[in-house]
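What follows is a single structure, written as structure tokens, with notes after it.
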Amino acid sequence: MKIAIVGAGIAGIATAFELMEAGNEVSVFEQHRAAGEEASFAPSGLMWPCAINPWGATAFHQALQLGLTRPAFSELQVQGGMLSAPRRWARRQQAFAKKQRDREFLPDLQALELLAMQRMQHVQEMLDISAQFSQGLLLPLRKEPGAAALYELTRRLSAAHIDYRRCNEQETRSIEPGLATDIQLAGAIHLPEAWSGNGRLFSQGLLQALQTHGLQVHTQHAVSGINSTASGASLQLPSGEQHFDAVVLCAGADTNRLLRPHHVQLPSAPIYSYSASIQISEESLAPRHAVIDLENNMILTRQGSRLRISGGAELGYPDSPERTEDARHALVSVLLEWFPGCIQPSQSILQMWRGARLSVADGLPVVGASGIPHIWLNTAHGGMGWGLSMGCAHHVRQRLMGQSSSVEPEALELQRLR
């Protein structure tokens with residue numbers, strides 16, 4: 001088949017790989033000058049397990065907090081009146097979280113995670129793409145969590161088949177010797193099998209490999225509309241209309257603009273977060289693994305010789321230099337609090353980024369049929385797009401090619417949100 005993919009972020013490039021491997025002729029259309037310019041540009045880097053991501057699945061969110069969360073930067077900040085779209089979406093998200101609080105760990109997310117890791121291993125065996133991968137994740141605890149909270153967290157980790165161990169302070173400091181000596185620790189939870197990496201670097205490497213095998217990539221090609229035809233679908237482009245057997249929308253926050261003329265609505269919201277990438281100045285004092293600050297909902301990962309710290313969640317706020325500066329101060333302050341010797345306090349940030357992660361209320365991505373013939377969706381990955389990228393792409397491949405999937409289609413389809 002001749003298939004078009006709209007969007008050249010990690011989701012679009014992973015989808016191109018899967019569809020090309022299945023023998024299809026694939027073209028990718030991207031409105032920016034290069035791939036990975038929006039949500040895939042500089043997210044946290046946390047890959048697996050996705051469930052531990054504090055900005056990931058809502059079903060896991062309450063257990064992760066342990067009653068420690070600070071206000072403001074660590075929580076979703078919403079701007080707008082009571083009847084505004086951001087407020088309505090936030091209320092819906094809260095309702096989903098409350099409903100899921102008594103549910104077991106989401107088996108659908110677990111199945112998708114497993115599929116994603118299997119496909120990532122498959123890609124690496126084929127192409128061996130460099131992505132600054134790092135293994136291990138630490139959740140340091142400043143105070144002893146309550147018995148009920150600790151039980152709930154460890155119960156969910158066990159139910160998700162996530163290997164973990166509870167560490168005392170001495171063991172915690174042996175795992176991360178660079179931790180500040182003046183911070184009192186009640187220990188930590190260590191996930192030795194967790195993974196993080198540089199998603200944009202991976203997607204660039206995968207893109208280059210696919211281009212040598214015939215992938216057609218059209219940058220600076222904004223898609224103004226999509227149409228379903230009797231024999232397939234078409235894209236409206238500046239150069240005219242092009243026809244395909246199928247179209248897959250991996251367009252992130254732009255997805256609803258393309259669906260709206262067909263009376264299809266994705267009940268999503270663009271949640272904006274921040275990240276700061278900083279050069280390590282003292283390797284011996286830098287974190288060796290990924291670290292999650294549960295109090296501030298901030299994620300620290302290694303990106304080769306750099307550190308990336310990310311966090312924050314804004315809905316309905318315009319981009320502004322003042323908010324970016326506040327975010328920069330919050331991110332760097334947390335980094336220096338945990339690992340004060342790894343960077344120079346006056347060191348300039350190599351990269352400060354604000355980006356949107358398209359999310360729906362239940363925290364799972366929207367992958368599968370759009371309700372419009374020959375048009376498919378791979379979008380709304382929230383904070384888990386990098387970790388789930390290969391799994392979502394393979395699921396799209398299976399659905400589009402009429403094959404059975406290891407993930408329940410109904411769990412990811414758009415219709416579940418109606």
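Positions are given from 1, in the same order as the sequence printed here.
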- prompt: Is the side chain of T301 donor-acceptor paired with the backbone N or O of S44 at a distance under 3.5 Å, no angle test?
  reply: yes

- line: Closest heavy-atom pair, G197 versus W386, reported as atoms and distance to 0.1 Å, is O-NE1, 3.1 Å

- prompt: Got a donor-acceptor contact below 3.5 angstrom from the R200 side chain to the A42 backbone?
  reply: no

query: Does the side chain of Q242 pick up a donor-acceptor pair with the side chain of H221 at under 3.5 Å?
result: no

task: Take Y274 and L331 through the side chain to side chain contact (heavy atoms under 4.5 Å, CB included) test and state the conclusion after the steps.
output: CA-CA 8 Å; Y274 297 87; L331 293 169; 4.0 Å; yes

- request: Answer whether the closest heavy-atom distance between the side chains of R308 and W353 falls below 4.5 Å.
  value: no

- prompt: Is the closest side-chain heavy-atom distance between F41 and Q351 below 4.5 Å?
  reply: yes

query: Given the rule in the side chain to side chain contact (heavy atoms under 4.5 Å, CB included) test, do L364 and L112 qualify, once you have shown the distances and angles that lead to the verdict?
result: CA-CA 10 Å; L364 289 174; L112 190 56; 5.6 Å; no

query: Do H122 and E21 have side chains that get closer than 4.5 Å, going by heavy atoms?
result: yes

- prompt: Is it true that a side-chain atom of H262 and a backbone atom of I226 form a donor plus acceptor pair closer than 3.5 Å?
  reply: yes

query: So, do L210 and V28 sit near enough that their side-chain heavy atoms are less than 4.5 Å apart?
result: no

query: Does the side chain of N227 reach to within under 4.5 Å of the side chain of E241, using non-hydrogen atoms?
result: yes

message: With rounding to the nearest 0.5 angstrom, report the CD to CD distance, E30 to E38.
response: 6.5 Å

query: With a cut-off of 6.0 Å (strictly less than), are more than 12 heavy atoms of other residues, nucleotides or ligands near CZ of R306?
result: no

field: Shortest non-hydrogen contact from H381 toward C392
entry: CD2-SG, 3.8 Å

Full working for side-chain hydrogen bond (donor to acceptor under 3.5 Å, both in side chains) between Q236 and S234: CA-CA 7 Å; Q236 295 172 9; S234 63; 6.0 Å; no

message: Does any part of the side chain of V223, heavy atoms only, come nearer than 4.5 Å to the side chain of L237, both counted from C-beta?
response: yes

message: Is the shortest side-chain heavy-atom distance between Y164 and L191 below 4.5 Å?
response: yes

- line: Heavy-atom nearest pair, V367 first then H395, reads CG1-CD2, 3.7 Å

Non-hydrogen atoms of S281 and I343 that approach each other most closely: OG-CA, 3.1 Å

query: Would a distance-only check, ignoring hydrogens and angles, find a side-chain to backbone donor-acceptor pair under 3.5 Å from R302 to P287?
result: yes

- prompt: Does the pair R119 and F17 meet the rule for a side chain to side chain contact (heavy atoms under 4.5 Å, CB included), with working shown?
  reply: CA-CA 11 Å; R119 296 307 296 173; F17 168 83; 4.1 Å; yes

field: T15 OG1 to N24 CG distance, which is reported to the nearest 0.5 Å
entry: 12.0 Å

task: Report the distance from atom CD of Q208 to atom OG of S203, rounding to the nearest 0.5 Å.
output: 10.0 Å

task: Spell out, as yes or no, whether a donor-acceptor pair under 3.5 Å connects the side chain of Q415 to the backbone of E410.
output: no

query: What distance separates R166 CZ from T172 OG1, expressed to the nearest 0.5 Å?
result: 8.5 Å

message: Exactly one of V217, L206, L215 should register a side-chain contact (heavy atoms from CB on, under 4.5 Å) with I13. Which one does?
response: L206

- request: Would you please test L307 and F339 for side chain to side chain contact (heavy atoms under 4.5 Å, CB included) and show each step?
  value: CA-CA 11 Å; L307 297 176; F339 295 92; 5.9 Å; no

- prompt: Less than 4.0 Å between a side-chain N and a carboxylate O, is that true for E408 and R416?
  reply: no

Distance-only check: which donor-acceptor pairs under 3.5 Å involve side-chain atoms of residues 125-141, not counting sequence neighbours?
unit_1 : atom_1 : unit_2 : atom_2 : d
E125   : OE2    : Q121   : NE2    : 3.3
Q132   : OE1    : N198   : ND2    : 3.0
Q135   : NE2    : P192   : O      : 3.3
Q135   : NE2    : E193   : OE1    : 3.1

query: Going from OG on S275 to CZ on R328, what distance comes out if it is rounded to the nearest 0.5 angstrom?
result: 13.5 Å

query: Are the side chain of Q279 and the backbone of S305 linked by a donor-acceptor contact shorter than 3.5 Å?
result: yes

- request: Check the pair E283, R288 against salt bridge (Lys or Arg N to Asp or Glu O under 4.0 Å), reporting the backbone distance first and the verdict last.
  value: CA-CA 9 Å; E283 179 64 39; R288 299 177 177 179; over 6 Å; no

CG-CD1 distance between L315 and I271, expressed to the nearest 0.5 angstrom: 4.5 Å

- request: Taking side chain to side chain donor-acceptor pair (under 3.5 Å) as the test, write out the residues that go with R260, two or more places apart.
  value: none

- prompt: For Q77, does its backbone N or O pair with a side-chain atom of E314 as donor and acceptor, under 3.5 Å?
  reply: no

- request: Report yes if the side chains of C342 and I278 come closer than 4.5 Å at any heavy-atom pair, otherwise no.
  value: no

- prompt: Can you find a side-chain donor-acceptor pair between S405 and R399 that sits under 3.5 Å?
  reply: no

query: For the residue pair D293 and V334, what are the closest heavy atoms and their distance?
result: OD2-CG1, 3.4 Å

- request: State whether the side chain of S359 and the backbone N or O of R357 hold a donor-acceptor pair below 3.5 Å, judged by distance alone.
  value: yes

- prompt: Which pair of heavy atoms, one from N256 and one from S268, lies closest together, and at what distance?
  reply: ND2-OG, 3.6 Å

